[in-house]
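Presented below is the structure to which this report refers.
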Amino acid sequence: MTADPIAETVASLLPRAKAELAELVAFRSVADPAQFPKSECEAAARWCADVLRAEGFEDVALLDTPDGTQSVYGFLPGPAGAPTVLLYAHYDVQPPLDEDAWLSPPFELTERDGRWYGRGSADCKGGFIMHLLALRALKANGGAPVSVKMILEGSEEQGTGGLERYAEAHPELLAADAVVIGDSGNFREGLPTVTATLRGMTLVKVRVDTLAGNLHSGQFGGAAPDALAALIRVLDSLRAEDGSTTVDGLDAGQSWTGLQYPEDDFRRDAKVLDGVELTGSGTVADRIWARPSVTVIGIDCPAVTGATPSVQSSAGALISLRVPPGRDAAEVTKLLTAHIQAHTPWGARVSVEQSGQGQPFQADVSSPAYTAMADAMRVAYPGQEMQASGMGGSIPLCNTLGTLYPDAEILLIGLSEPKAQIHAVNESVSPEELERLSVTEALFLRNYAAGEGASR
């Protein structure tokens, strides 16, 4: 790490950052009251608000968003005439999945092999801590040269759009000259990366009904239409023989021309079992950053344990379809719905209900803010140049902000490099990445203020 005073300050603040991240990780802030008490999210939101107040933020508020969750807002004024930068993270997390599969408790930050383990440590409670470290480093070295708005979303992982709708109803609240979304990650640990594109997402619930009730498979099987078998045929129609996504009317042949993802690296990062083939065609980057991808993320059907020899009368599934840049998520949802209806066999009754949606995003990496970020990364990661990659996931707020504030420059950085295993068991964050990216953000804010000041 460079001897820049910003870097020295960040390094000295890391023990405090670890303690705070441990406090924040301890909240079981899954924004789904069917899985965890709503009070866990509310407590996490209050904790974040208290931290902002302690840091000198003004107008700190818990925003009640239309989806029943809370986002946390605060404003830190900068010098007169300085640009305003919006910093984003989210405090809600994915459920821990199988807690028994974690090597340490998911909601207890645990250091192991040089990494800090815990749900949300990288995605995206660590993102909030990154913002705090950057601002504290600037405060200790002359103060923040920009005005800062901080927004912490409370339901990003659920995709229910609460903050998006709130921002649309209060467009002045998050207005800024530049936006730093702290919810992506470096392509590889130690390789400074901005995320240039995001795939969007549509999430639909499918239900197939064929009978008034379950039937004995010996007495009726062979002629009685099985709803689960019908659903399986529908789901199978969404993929070609090689595993490529096949939705009627949806182009799946786009290409990625930037930073590539070697197949061997991907197999290692994804922990693909020996002998198992990757799905799809084209480069790995084509498949995960530039093309649509369908995933069946849940099925309602009898568990093996306790199952009876019955023909199923009903079956359901939750389907996620990632939407590549250049396509409208609402139009893709219509194509997906029509495909499901057209491929439901035997005249079975099928219903499709949308439960989430987010638009894809594409940034202009040639803008002044990206130049300021490249300069910052060059210092924080000596000998490395900033890379631009895609990200297969979606952050729906990006497009909302882009629509509300078309002149704002939006940058995506964060702690979710491959080793972080976000959304999986044993999620972790690299403290070295937290340190370097906090330095990066602080230097970016300083560079951006200097550049904006010269242009005003």
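Quick caveat, the model's predicted, so the values are computed rather than measured.
- F444 and Y448 have parallel rings, their planes meeting at less than 30° on a 0 to 90° scale where 60° marks the start of perpendicular.
- Atom CG of residue L321 and atom CD1 of residue I297 lie 11.5 Å apart, to the nearest 0.5 angstrom.
- Between I151 and L86, the closest side-chain pair of non-hydrogen atoms falls below 4.5 Å.
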- Test salt bridge (charged side-chain N to carboxylate O under 4.0 Å, His left out) applied to K419 and E427, step by step: CA-CA 8 Å; K419 289 184 181 178; E427 177 184 347; over 6 Å; no
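- Under the 4.0 Å criterion applied to side-chain N and carboxylate O atoms, R267 and D264 are not assigned as salt-bridge partners.
- Here the side chains of Y261 and W289 are in contact, with some heavy-atom distance below 4.5 Å.
- No salt bridge links E435 with K18; every basic N to acidic carboxylate O contact stays at or beyond 4.0 Å.
- Relative to the ring axis of F36, R28 does not place its NZ or CZ within 45° and under 6.0 Å from the centre.
- The backbone N or O of A175 sits less than 3.5 Å from a side-chain atom of K149, completing a donor-acceptor pair.
- Classification of E353 and K205 as a salt-bridged pair fails, no side-chain N sitting under 4.0 Å from a carboxylate O.
- Surrounding CD of E277 are at most 12 heavy atoms belonging to other residues, nucleotides or ligands under 6.0 Å away.
- Across every non-hydrogen atom of P302 and Q312, the tightest pair is CG-OE1, 3.3 Å.
- Of the N and O atoms on the side chains of Q354 and T202, at least one donor lies less than 3.5 Å from an acceptor on the other residue.
- The backbone N or O of V234 lies less than 3.5 Å from no partner atom in the side chain of H343, so there is not a single donor-acceptor pair.
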- Query: Where do K125 and E156 land on the salt bridge (charged side-chain N to carboxylate O under 4.0 Å, His left out) test, with the steps shown first?
  - Reply: CA-CA 12 Å; K125 292 175 176 180; E156 192 275 342; over 6 Å; no
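- Atom CZ of R188 sits in a crowded spot, with more than 12 heavy atoms from other residues, nucleotides or ligands closer than 6.0 Å.
- For F220 and H216, the gap between ring centers reaches or exceeds 6.0 Å.
- In summary, R233 and D236 do not engage in a salt bridge, as defined by a charged side-chain N under 4.0 Å from a carboxylate O.
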